[in-house]
Amino acid sequence: MSLRLYNTLTRSKEAFEPLDPNNVRMYVCGPTVYDYAHIGNARPAIVFDVLFRLLRHIYGPEHVTYVRNITDIDDKINARALELRGERNVDVLEVVRELTERTYAVYQQDVAALGNLPPTFMPRATEHVPQMIAMIRTLIDAGLAYEAEGHVLFDVAKKADYGKLSRRPLDEMIAGARVDVAPYKREAMDFVLWKPSDSTTPGWESPWGRGRPGWHIECSSMIEAAMGETIDIHGGGIDLVFPHHENEIAQSEGAHHGHPLARFWMHNGFLNVEGEKMSKSLGNFVTIHELLEDWPGDVLRFNMLRAHYRQPMDWTLAGMKESWATLERWYDVAEAVSAPRIGEGLLAALSDDLNTPLAIAELHKASLQELGGGLMLLGFNPMSERLASKKAVNKVEIARAIEARNAARKAKNFKESDRIRDELLAQGIQLKDGPEGTTWEVKR
RNA sequence: GGCCACGUGGCGGAGUGGUGACGCAGCGGUCUGCAAAACCGUUUACCCCGGUUCAAUUCCGGGCGUGGCCUCCA
C-alpha cells in the first residue's frame, strides 16, 4: 500500500518515501503553554497522531520518530504572567514558571484523553536555548543575520528563495505590509531571532546580551537537535504556513548549507464552532479541557476525524451527539472482537492523504474483525470504558428497577411497568428491551 | 487592498468527465403489551452564469458566498 500525502510545498499529493525507512521523522508544532488549549488546537494533535499511527503501522513502531514541541518562551506567556502577578510582591519569572508548568501538565492530560499517543520526544524551548544561540551565531557567520540594537534579525533579502512555501514574492509582502516596521530592521520582512529582555522578562545570557529567542528559531533548533538537518514530515495548522514555517525554512536552510528542512509540509485546516469562527469576543472559545468534562475523549476524537484534515470544519453539538451514537454502537459490538485485523479499504483510505471520512465509511461496511482493528489503528479503544458517562449512575438501583418492571410486565401490569420506565427516563436512563433481556444506556 | 482555500441532498461528509459513496435524520416494515433499541428496505444533491466536450457536479473563465493568511494564532 503506497502512502500519498498532500505537500504544501508543491501544492499536490505526492508518493511518500522516507529518507530512511528505519527512522521516519516527523515534527509537529505544539502548543504555547499560557492558557488551556482550545478545540482547534486539538485538530493537529489528533490528525498527526493518526499519521503517526499509520506510519508506525507501515514502517514499524520502532522506526518512527515523532517530535512535538512545547513553546514555553513567548511574549503571550510573559504578558499573562504579569497579569497573574498583579500587585502581589512575587517574582514574575517565578509566575512564568508556574504558569507554563501548570498549562503544560493540563495539555498533556488533555491530549492523552483524546486518545493520542505520546510523541517520541516533547522538547521544550527553555531546554534548548544554548542550541538556539548556536544556530543564531551560525546564521550571523553565514551573513544571513545581523545584530541591531540588542536584537538579532534574519536578513530576508539574503535568502533568494524566501517565500517558497507560502508562495509570496518578497516585494509583494513588503508592499502589502500593514504594520509599522521596527526602525532597526533593514527590511520590513526581517524577523527576530533574538531580542533583549528586561528584569520582568525571562532571559538568557548571550553574545548579544541578556535576552530571549524569537519564536521561529526554537522549532529549527529542536528539529536539528532531535532529528538532524532534514526530516520527512513537518506539520501544523494552516495559519502557520506564513510566517512561522516560512521562517523556519529560512533559518534551517540558512544554517545547513541550503539542505532542506522538511520534504513534506502538511497543514490542517481551521475549525469553526457552530458556524462561527472561534474567538474570545464572541464567547464561543471552547477548550479541550471543558469539553472533556461532558464528553468522552473518544467521541471528541471521532468527531474530529469525520472531516478530512485539510477541509475547513464546523464543530457542532449535533455532530458530537452523532459521533457519540455511532461510536457507542460500534463499541458495543467491537469490544467482543478476538482477532482484530486491518481492512484493505481502511488502509487504502488512510494511505490516500489521510482520508479519515472515507476510512470511517469503510468501517461502516467492514466485518467485525476489521471494525475492531480499524478502530484501534485510528486510536480508539473499544475495550475502554471511556464512553461511559461521567455522570454517576447507580447501577445496582437501575438493575433493581428493571427487575421490578419486568415483574410488572409479566403480570401484565403495564401501567406500573411504564411508570418505572418513565421514571428511569426522567433520570436520563433509557431502557432497551432486546431478545437477551433488558439493557440500558445513559441518554444524552 | 494583495494572496490562498472552500461552496455536494433536511444535516454531516467522501468522490468522480458518463452507472446518484457512507453515516445521521425522515419514511415503510420486522420485532414489542406499547415504546425505545436493534434489524431489513427506501425518498432527497452537486452555489450562479458562461465556455470546452458526444457528455460536467467533476476541466476552464467570470460572479456570488464563507473562511484563512498578509500582525500573535492550530
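Lettering follows sequence order; numbering is per chain, from 1. In this text the structure is predicted, and so the values were computed from the model without any measurement.
Here the nucleotide nearest the side chain of R405(A), chosen from C72(B), C69(B), C34(B), is C34(B). With A14(B), C70(B), A74(B) as the choices, the nucleotide that has an atom nearest any side-chain atom of N268(A) turns out to be A74(B). For R421(A), counting side-chain heavy atoms from C-beta on, the closest listed nucleotide (G33(B), C70(B), A14(B)) is G33(B). Side-chain proximity of K432(A) to A37(B), G12(B), C72(B): nearest is A37(B). Of the candidates A21(B), C69(B), G23(B), the closest approach to any side-chain atom of T326(A) belongs to G23(B). For N272(A), taking side-chain heavy atoms from C-beta onward, the closest of the listed nucleotides C24(B), G67(B), A35(B) is G67(B). Comparing atom distances between the N355(A) side chain and each of G15(B), C6(B), C70(B) picks out G15(B) as nearest. Counting only heavy atoms from C-beta on, R409(A) has its side chain closest to U32(B) among U32(B), A74(B), C70(B).
Contacts of L240(A) with the nucleic acid, taken as non-hydrogen atoms under 4.0 Å apart, involve only primed sugar atoms and P, OP1 or OP2. Residue H244(A) is classed as having no contact, given no heavy-atom separation below 4.0 Å to the nucleic acid. Within 4.0 Å of K76(A), counting heavy atoms only, lie sugar-phosphate atoms of the nucleic acid but no base atom. Within the nucleic acid shown, T316(A) has no heavy atom closer than 4.0 Å to any nucleic acid atom. Counting any heavy atom pair closer than 4.0 Å across all strands shown, G236(A) reaches sugar-phosphate atoms only and no base atom. Across all strands, D75(A) comes closer than 4.0 Å to no nucleic acid atom at all (heavy-atom distances). Using a 4.0 Å heavy-atom cutoff across all strands shown, R43(A) reaches no nucleic acid atom at all.
In this structure C24(B) sits in a base pair with G10(B), meeting the Watson-Crick or G-U test at under 3.5 Å. Partner assigned to U30(B) is A38(B), using Watson-Crick or G-U wobble distances below 3.5 angstrom. Across all strands shown, A56(B) forms no Watson-Crick or G-U wobble pair with both distances under 3.5 Å. Partner assigned to G67(B) is C4(B), using Watson-Crick or G-U wobble distances below 3.5 angstrom. Across the strands present, G61(B) finds its partner in C49(B); the criterion is a Watson-Crick or G-U wobble pair with both atom distances under 3.5 angstrom.
Nucleotides A21(B) and A5(B) are separated by 28 Å at their P atoms, to the nearest Å. Look at the C1' atom in both C3(B) and G9(B): the space between them is 34 Å, to the nearest Å. Taking atom C1' on both nucleotides, U52(B) is separated from G62(B) by 15 Å, rounded to a whole Å. Annotation: C59(B) and C6(B) have their P atoms spaced 10 Å apart (nearest Å). For the P atom pair drawn from U43(B) and C24(B), the interatomic distance equals 16 Å after rounding to whole Å. Taking the P atom of each, U57(B) and G26(B) are spaced 31 Å apart, rounded to whole Å. Nucleotides U32(B) and A38(B) have their C1' atoms positioned 12 Å apart, rounded to a whole Å. Across U30(B) and C34(B), the matching C1' atoms stand 16 Å from one another, rounded to whole Å.
Judged by a 6.0 Å distance limit and a 45° cone about the ring axis, R68(A) is not positioned over the six-membered ring of F48(A). Both the sub-6.0 Å distance and the 45° axial angle are satisfied by R56(A) relative to the ring of F52(A). Relative to the six-membered ring of Y146(A), R186(A) meets both conditions, a distance below 6.0 Å and an angle of at most 45° to the axis.
Here the P atom of nucleotide C39(B) and the CG atom of D332(A) are 10 Å apart, to the nearest Å. In this structure, the CZ atom of R167(A) is 12 Å from the C1' atom of C3(B), given to the nearest Å. Look at CG on N406(A): it is 12 Å from P on G33(B), rounded to the nearest Å.
When each of R212(A), R124(A), R97(A), R102(A) is checked for a salt bridge (charged side-chain N to carboxylate O under 4.0 Å, His left out) with D72(A), only R124(A) meets the rule.
In this pair, F270(A) does not lay its aromatic ring on the base of G68(B); centres under 5.5 Å and planes under 30 degrees do not both hold.
Side-chain atoms of D418(A) and base atoms of G33(B) include a donor and an acceptor less than 3.5 Å apart. If you check distances only, the side chain of Q311(A) never reaches the base of G13(B) with a donor-acceptor pair under 3.5 Å.
Residue R329(A) places at least one side-chain N or O under 4.0 Å from the OP1 or OP2 atom of C24(B). One finds a side-chain N or O of K277(A) lying less than 4.0 angstrom from the OP1 or OP2 phosphate oxygen of G68(B).
In terms of position along RNA chain B, the nucleotide closest to Y309(A) lies nearer the 5' end than the nucleotide closest to the other residue of the pair A361(A) and Y309(A). Along RNA chain B, the nucleotide nearest P44(A) and the nucleotide nearest I360(A) are compared for position; the residue whose nucleotide lies closer to the 5' end is I360(A).
Ring pair W265(A)/H245(A): centre-to-centre distance below 6.0 Å. Taking the six-membered ring for Trp and the full ring otherwise, the centers of F302(A) and W330(A) sit less than 6.0 Å from each other.
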Check against ring-ring contact (aromatic ring centres under 6.0 Å, His included), F264(A) and H234(A): CA-CA 6 Å; F264(A) 282 75; H234(A) 189 129; over 10 Å; no

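In E290(A), the CD atom is crowded: over 12 heavy atoms of neighbouring residues, nucleotides or ligands sit closer than 6.0 Å.
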